[in-house]
*Asks:* 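Please see the structure below; I have some questions.
Below, chain A is the first sequence line, B the second, and so on; all start at residue 1. Computed over heavy atoms, backbone and side chain alike; hydrogens, waters and symmetry mates excluded. Note that the coordinates shown come from a computational prediction; the quantities given were computed from them, not determined experimentally.
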Amino acid sequence: MKNSKYKITIGLEVHAHLKTQTKLFCRCPNRTGAEPNTLICPVCTGQPGTLPVAGEESVLQAVRAALALNCKINKYSVFERKQYFYPDLPKNYQISQYKLPLAENGYIEAGGVKIKIDRVHMEEDAGKLVHRKSETLIDYNRGGAPLIEIVSAPEITSPEQASEYLKKLRQILVYSSVSDCDMEKGSMRCDANLSLNLKESSRLGVKTEVKNMNSFKAVENALSYEARRQEELLLEGKKIDQETRLWDENNNRTAGMRSKEEAHDYRYFPDPDLPPLVVQETVVEEIRKSLPELPASKIERYMGEMGIGEYDARVLCQEKEGAEFFENAYSKLEDKKKGVKKLSSWINTELKGKMNTEGMDFKNIQLDPGSLAELVNLIQSGKISGKMAKDIFEIMWNEKKCPQEIVEKRGLSQISGEDKIEGLCRRAIEENPGLAEKYLTGKEGTIGPLVGFVMKETRGQANPSMVNKKLRQILDGKK
Amino acid sequence: MSNIKTLRKSILSGRTTAVSAVEESLKKIKSESDLNCWINIYEKESLEKASEIDEKIKKGENPGKLGGIPIAIKDNMLVKGMKTTNASAMLKDYVSPYTATVVEKLSSEGAVIIGKTNMDEFAMGSSGETSAFGVTRNPVDTERSPGGSSSGSAAAVAAGHVPASLGSDTGGSIRQPAAFCGIVGMKPTYGVVSRYGISPFASSLDQAGPLAATVEDTAAILEVIAGYDRMDSTSIKREVPCYAENIEGSIEGVKIGIPSEYMQEGTETAVRERVLAAAGILEKLGAEIKEISLPLTKYAVSVYYIIAPAEASANLARLDGIKYGLSADSGKDFLSDVTASRTEGFGSEVKRRIMLGTYVLSSGYYEDYYIKAQKARTLIKNEFSEAFKIVDLIFAPTSPTTAFGLGEKTGDILKMYLSDVFTISANLAGIPALNLPVGLDSKNLPVGAQFMGNYLSEELIFRVARALEKEIKSSEKQ
Ligand SMILES: [Zn+2]
C-alpha cells in the first residue's frame, strides 16, 4: 500500500477475558480446562427466575484495566440487554453495556503514536459450541465469564500499526494482572473495521468488519489482505459492500459472511434486573494507586535513571515478570553504574537464550535474580572472566547454586595475584625460548601463543589481560 | 378454613395438628377441583412437612411463624425438584433446579407449601383465561372470572382451600383477582420482596405478594417473605418491619385522597358507591378524606403496554427449547427449531406481547415508543410523589367493575387491557397497594378497593386497611 493513492483507516474491537475468581453475574468459578458443564448454575444457564448480580471483583478488574488504558471512569454506567438468538447464549440476550459504558476516552502509545481508545465496557461471555459428527453440544462453563471490550478510535493507519497496538494492549493488560490475553486460547479476541479513502480526502470510505483472527500475525495478514482487496475493487471503480468478512487462515483470504447471519437488530435496552453500576471516585483512586508501573514509564526510567539503551530497556520490559527479575537483580549490584549494562545484556541474551531453548519463562524459572547480580559482581570485580562466567552460569542454571559457592567449590576463581601471574609468565618464557626470542626481534605476534601457554597451564583461570601485560613487561625489560 | 392467626393458635395449643390442617386443605382442594385453581398439588410432601412441624411442636421446638399453615404459591415460583409450568405448554414438564427465595422464606418459617396454583400463562392476562391448563373459576360465581393473572391464588383462598397464598403483581395481578374474589391482596413496594426464583413477566414491574382472607394474615405473610436478597440486585436493603404486630392502631388524622379520575362513568356505579361508603367509614374513624386528581392515570395503560411487553419479550427469549422446555424439531437449522418450539409452546396472548415488545424495541421505533414510555413513566411517578405531599394514602376502586363473566372479554383485547386501568399505575410508580373487600354489588359480587401509599408505607396501609376491615366486618354482622 506504500505507493497507493489510498490511505487505510482501521478501528479495533478487542475482547479480553478478565482474571477473576468468579463469573460476572453469578458466583460460579471463572476458569478454563474443567469438564464441560461443571462450572455452571441456574443463573449462567438461563433458568427461569434467575437474576444477574454484578460481581464486585469483575467490576474492580474492569476499572483496573480501563485505568491502565488511561480511560476516564464513568461514575454511572448501565448494563443493557443485547438480544439475538444463538444456542451458545443461554438467555438469548447478552448482558453488555451500550449507551453508558464503564469507561471512555483512553489511549495507548504504539509505535510512537498515541492511539485513542473510545470506550471500555463490560459484558458477559457466551458458552461454547462443540460440533461433532451429526450433533452440536453446548458447554456453558465459559458462559457468563467476565469480558471487557476495548474499542479503539478509527485512528490506526496500517496493519502493522494494528498489530503493534494489539501487542501494546496485551502488554498493558497482562502487566496490570487483569487478563492473560492469550489469543490462541481465546482469552483475547479481536475484530477489526477497515476502510480506504483517497489520501487527499478526509471522508472515510465504506468499511468492512473482519473477524476470526486468532493471532497477532493473523490480524496483520488479514488486514493487509483486506486493504489490498478493497484497493483493487476501488481501482476497478467498484463499490465496497459494508459487510462482515471472516479471515480464512488456511487460504489466506477474507470471505464475506452470508448477509442473513449478520443482519442483526440487537434491540438493546437497559437491563431492568440490574441497577446502574456506580463506581465511586474513592474506589477509582484506590485502584489507580495500586496499578503497577506500566511499561512505558518503566522504559523511560530505565533509560534515564539507569542509563540503559532503548533497545535493552524495551526488551527488559516486555513482560512484567522479566522487568521484576531485572529490578530485583539490579538492587543487588555492587556497582550499579558500571554493572547495569552487563546485567541487562546478561538477562536479554544469556538468560533469555537459555529460557528459549528450555521452553521456560520468567514465571517458572528457578534462577534467583540475586545470583545473577552476584555473577555480574564477580565479573565486574575481575574475579572471574567472561568465559568463566558462562560456565558458572550453566552450573547455576542446572544446580541452582549461587555463583560464589560454585567458584569456591571448583576452585574456579580467576588468578589475578600480581606475584602469581609474574611467576607463571616467567615460566612460560623459560619453557618457550623460541617464542620469546622472536618477540624480542620485533615479532610481537608471538605474545599470543605465550598467553595461551599460561592459560592452558592454569586451565583458564589466569586473568588473560594481566598475563598479556606482564609478559610484555618482562620481555620488554629484556630488550 | 380458618385464618392464619386462629389456625396457628390451634396448632400450637394442640387442639389440632399441622397434619390435620393439611389434610383438611387437601380434602377441600379435591372436592372442589372444578374450580381448576391448582396446577400441581404436593400431597405427599406437604403431609411430610406437616408431620415434621407436629414433631417440633411435640418436642417443644419453635415451628416458625407459619408453622403448619398450608399455603399456596403461584406456578411461576420455583420449588426445587418440582414442576414450574407458568401455566404454559412451553414449560409443562419443566422441573425446577432451585427454589425461589420467597418459597425458602416461607418454608423456613414452617409454612407448608400445598401446591402450585393456576394462573394466566406467564402471568399475562387479567382473567385467568390464558392458562394452558384451562380457565380458573371464581368461587363466588363459577360462571365468572376470578381475575388474573394470579387467578388460582385468589380463588384458592376465596374458596377456603388454604388460608393464604402468594401471587405476583405486574399490573394488578394480585389486587384485581383479590377484588374479584373478595379477599385481601397486597403488592408491596418494588424491591421489598425478592424476585429471585419467580419467572419474570416484566422485571421492573413484577412484585410478589400475599393474598389472604384478612389484612392481618396478609401482613403476617409479607413479614415472612419480605427482605433484602443478595440474589436480587433490585431488592431493598432494609430491616423488615413487624407488619402484623403493628397492625392495630388509630387512624385519626390520616389524610386519604380519593382520585376523581377513578370515580367517573367508566367505573360501575355499585363500585363507586361501595368505595364512597368505605370512605365514609374511614372518615368516621378519624381519617381526613380529600378529593385529589391524578390526571396522568389515563396514560398508564398505554405506557404499561409498551414497557411490560418490551421487558417480557427479552425475558421470554430464553425459552427456546434448546436447554429445557418444549422442544420442537423443525428438521432444519437452529433458528427454525427455536421458531417451531415457540410457535407450539406459547399461547396467543403471550405471542401477542412478545411481538409487541419486540416491535417497540426495534431500531427505528425504540425512541418513539420505549424511550417515550419511560419518560411518561417518570411523569406518573412524579405525579404520585406530588400527591403524597398532600395525602398519606390514596383510596380508590381496584377495578372499574366487579368480576366479569368467563369469555366476556376474551374477544376484545382492548377491553381486557383496560380492566387493569386502576392497578397499573402503582406498578409503574413502584409504590405499595393493597386490595380490601368493601362490600357487594347488586349481584352479590365482591367490590374491591385499594389503598396506595408512598414507597415503603406498607405499615400505614396495613393499619388503615385493618381499621376499615374491622368496621366493615362488624357492620356486616349487625
Ligand atoms: Zn453460574
*Asks:* So which residue, Ser362(B), Pro200(B), Gly364(B), ends up with the most heavy-atom pairs under 4.5 Å with chain A?
*Replies:*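 Option with the greatest count: Ser362(B).
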*Asks:* Ring centroids only, cut at 6.0 angstrom: are Phe269(A) and Tyr370(B) within range, meaning strictly under it?
*Replies:* yes
*Asks:* Could you please spell out the steps behind the side-chain contact (heavy atoms from CB on, under 4.5 Å) verdict for Lys91(A) and Asp320(B)?
*Replies:* CA-CA 9 Å; Lys91(A) 302 185 291 294; Asp320(B) 55 9; over 6 Å; no
*Asks:* Starting at CG of Leu335(B), measure out to OH of Tyr86(A) and round the result to the nearest 0.5 Å.
*Replies:* 9.5 Å
*Asks:* Which heavy atom of Ser199(B) sits nearest to which heavy atom of Pro48(A), and what is that distance?
*Replies:* OG-CB, 3.7 Å
*Asks:* Within this structure, what is the CG-OG distance for the pair Asp265(A) and Ser363(B), rounded to the nearest 0.5 Å?
*Replies:* 4.5 Å
*Asks:* Provide the closest heavy-atom pair for Tyr366(B) versus Pro270(A) in the form atom of the first, atom of the second, distance.
*Replies:*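 In terms of heavy atoms, the two residues are closest at OH-CD, 3.5 Å.
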*Asks:* Gln83(A) and Thr358(B): side-chain contact (heavy atoms from CB on, under 4.5 Å), yes or no, with the steps?
*Replies:* CA-CA 10 Å; Gln83(A) 307 188 65; Thr358(B) 306; over 6 Å; no
*Asks:* With a 4.5 angstrom heavy-atom cut-off, is it the side chain or the backbone of Tyr190(B) that approaches chain A, or both, or neither?
*Replies:*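 For Tyr190(B), the side chain is the part near chain A, not the backbone.
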*Asks:* How about Glu135(A): does its CD atom have over 12 heavy atoms from other parts shown lying under 6.0 Å from it?
*Replies:*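 It does: Glu135(A) CD has more than 12 such atoms within range.
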*Asks:* What distance do Arg195(B) atom CZ and Leu51(A) atom CG have between them, rounded to the nearest 0.5 Å?
*Replies:*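 It comes to 5.0 Å.
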*Asks:* Hey, which of Pro97(B), Ser233(B), Ser313(B) has the most heavy atom pairs under 4.5 Å with chain A?
*Replies:* Ser233(B)
*Asks:* For side-chain contact (heavy atoms from CB on, under 4.5 Å), just list the numbers for Thr50(A) and Tyr98(B), CA-CA rounded to whole Å, side-chain angles, deciding distance to a tenth of an Å, and then say yes or no.
*Replies:* CA-CA 9 Å; Thr50(A) 55; Tyr98(B) 71 103; 3.4 Å; yes
*Asks:* Picking from Asp273(A), Val43(A), Val53(A), what satisfies side-chain contact (heavy atoms from CB on, under 4.5 Å) with Tyr196(B)?
*Replies:* Val43(A)
*Asks:* For the residue pair Tyr93(A) / Arg318(B), report whether a side-chain donor-acceptor contact shorter than 3.5 Å exists.
*Replies:*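 The criterion, which ignores hydrogens and geometry beyond distance, is satisfied for Tyr93(A) and Arg318(B).
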*Asks:* Can you see which heavy atom on Thr234(B) is nearest to which on Pro275(A), and at what distance?
*Replies:* CG2-CD, 4.5 Å
*Asks:* At a heavy-atom distance under 4.5 Å, which candidate from Asp337(B), Asn315(B), Leu319(B) has the highest pair count against chain A?
*Replies:*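 Of the options given, most contacts go to Asn315(B).
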*Asks:* Answer with side chain, backbone, both or neither: which region of Ala202(B) has an atom nearer than 4.5 Å to a non-hydrogen atom of chain A?
*Replies:*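 For Ala202(B), no heavy atom lies under 4.5 Å from chain A.
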*Asks:* Do Arg267(A) and Tyr359(B) pass the side-chain contact (heavy atoms from CB on, under 4.5 Å) test, and can you show the C-alpha distance, the side-chain angles, and the key distance before you say yes or no?
*Replies:* CA-CA 9 Å; Arg267(A) 288 175 280 118; Tyr359(B) 179 81; over 6 Å; no
*Asks:* How long is the straight-line distance from CZ of Phe334(B) back to OG1 of Thr136(A), given to the nearest 0.5 Å?
*Replies:*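 Separation between the atoms: 10.5 Å.
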*Asks:* Is Tyr94(B) close to chain A through its backbone or its side chain, or both, or neither, when contacts mean heavy atoms under 4.5 Å?
*Replies:* side chain
*Asks:* Would you compute the distance between atom CD1 of Ile322(B) and atom CG of Asp88(A) and round it to the nearest 0.5 angstrom?
*Replies:* 11.0 Å
*Asks:* State, to 0.1 Å, how close Asn92(A) and Ala317(B) come at their nearest heavy-atom pair, and which atoms those are.
*Replies:* ND2-O, 2.8 Å
